[in-house]
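Side chains are part of it too, since the values below use all heavy atoms of this structure and drop only hydrogens, waters and symmetry mates. Protein chains get the first letters and strands the later ones, always in sequence-line order, with residue 1 at the start of each.
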Number of protein chains: 2
Amino acid sequence: MAINMRPSQALRLWQQVAVDEVVAGIPDLSTRQIAILLTIYLDPPPHTVRGLASRLGVSKPVITRALDTMGALDLVSRRRDEADRRNVLIRRTVTGALFVERFGDVVIAKARELPT
Amino acid sequence: MAINMRPSQALRLWQQVAVDEVVAGIPDLSTRQIAILLTIYLDPPPHTVRGLASRLGVSKPVITRALDTMGALDLVSRRRDEADRRNVLIRRTVTGALFVERFGDVVIAKARELPT
DNA sequence: ATTGAATGATACGGACCCGAAACGATCATG
DNA sequence: CATGATCGTTTCGGGTCCGTATCATTCAAT
């Protein structure tokens, strides 16, 4: 069952979720950071800096810096790939999993409240 | 008709939209900026710095700075309220309206593509 | 006119991010 | 072993944003 919504509903949904996040005092992530975070948690591992940079069409330092910031928030963690020590494997954390899960719940709740 | 979706669909939708925005090279707005922008375009005017700060539970400088940035991107504009010259009325722009409209279309498109 | 409240902008030191370039570490190939 | 490619990080100057406090302007009430 594909999800169908009108433009006004789509925009209202995005607004409600964004406002809810701001009011809740959640870390103010940028669109880039959200894209990286959700890709790590939704797409199958392994995730590497280069892979994420390629997927998002950004430079590697962009990924490195985003991982620095989100790592400080304990939303993701990094670990050397022992098979090929040039690689860094990006891993999920308990905190990050809870964050993503809660975020999904907010989206669902706001979607359910949308006016017809 | 309320929109119903499962957690995996909600998160996947957010990821698809965020990744699409990043790949498209859109200005990398923060969650705060998006909340402000959509509130200006979806909620009925007039919009003031104080009103937005109150609505989002943030300080006035946060709103002022976000308006500076989004004003430089021509997404919003400011104008003195001639009735009460202490107020600044935040106004929509053609560029901003197109940006918001296009964003809504992206959300709809990604929602329609969601797997069952 | 004078005082006080209200509004939005600004100053401050500190932190983060940008794109481009260079870097060290590691691997694969000869 | 060398050599070159690959991977992630770091550096650089410049910009943006943070929270807190203060500011100038304007209005309202004495």
Which residues pass the salt bridge (Lys or Arg N to Asp or Glu O under 4.0 Å) test with [X], not counting sequence neighbours?
X: B/Arg86; result: B/Asp84
X: B/Asp20; result: B/Lys110
X: B/Arg55; result: B/Asp43

To the nearest Å, give me how far apart [atom1] ([X]) and [atom2] ([N]) are.
X: B/Leu89; N: C/dG8; atom1: CG; atom2: C1'; result: 12 Å
X: B/Leu73; N: D/dG15; atom1: CG; atom2: P; result: 16 Å
X: B/Ile90; N: C/dA9; atom1: CD1; atom2: P; result: 8 Å
X: A/Leu56; N: C/dG19; atom1: CG; atom2: P; result: 13 Å
X: A/Lys60; N: C/dA20; atom1: NZ; atom2: P; result: 14 Å
X: A/Leu67; N: D/dC7; atom1: CG; atom2: P; result: 16 Å
X: A/Arg65; N: D/dT11; atom1: CZ; atom2: P; result: 12 Å
X: A/Ile63; N: D/dC7; atom1: CD1; atom2: C1'; result: 14 Å

- Taking the side chain as every heavy atom from C-beta outward, state whether B/Leu56 and B/Ile36 have any pair of such atoms under 4.5 Å apart. yes
- Message: Assuming nearest nucleotide by heavy-atom distance, tell me which of A/Gly51 and B/Ser59 is located more 5' along DNA chain D.
- Response: A/Gly51
- Would you classify A/Arg50 as touching base, sugar-phosphate or nothing, given that sugar-phosphate means primed atoms plus P, OP1 and OP2, and contacts are heavy atoms under 4.0 Å? sugar-phosphate
- Query: C/dA9 phosphate, OP1 or OP2: any side-chain N/O from B/Thr64 under 4.0 angstrom?
  - Reply: yes
- Message: When you measure from the side-chain N and O atoms of A/Asn87 to the phosphate of D/dT6, is any distance below 4.0 Å, counting only OP1 and OP2?
- Response: no
- Item | side-chain contact (heavy atoms from CB on, under 4.5 Å) evaluation trace for A/Gln9 with B/Ile3 | CA-CA 9 Å; A/Gln9 289 178 313; B/Ile3 305 291; 4.1 Å; yes
- Query: Does anything in residues 17-45 of chain A reach DNA chain C, meaning a heavy atom under 4.0 Å, and if so which residues?
  - Reply: A/Arg32, A/Gln33
Run the side-chain donor-acceptor check on residues 59-72 of chain A: report pairs under 3.5 Å with partners two or more places apart or on a different chain.
residue: A/Thr64; atom: OG1; partner: A/Lys60; partner atom: O; Å: 3.4
residue: A/Asp68; atom: OD1; partner: A/Arg78; partner atom: NH2; Å: 2.3
residue: A/Thr69; atom: OG1; partner: A/Arg65; partner atom: O; Å: 3.2

- Message: One character per nucleotide, please: for nucleotides 21-30 of chain D, 5' to 3', B when the base has a protein heavy atom closer than 4.0 Å, S when only the sugar-phosphate does, - otherwise.
- Response: B----BS---
- Not counting sequence neighbours, list each pair that qualifies as a salt bridge (charged side-chain N to carboxylate O under 4.0 Å, His left out) and has a residue in residues 91-106 of chain A. A/Glu21-A/Arg102
- Of all residues at least two apart in sequence or in a different chain, which pass the side-chain contact (heavy atoms from CB on, under 4.5 Å) check with A/Leu89? A/Pro46, A/Thr48, A/Asp81
- Query: Which listed nucleotide (D/dT11, C/dG8, D/dC17) is nearest to the side chain of B/Val49?
  - Reply: C/dG8
- Applying ring pair (Phe, Tyr, Trp, His ring centres under 6.0 Å), which residue pairs with at least one partner in residues 65-109 of chain B are found, sequence neighbours left out? A/Trp14-B/Phe103
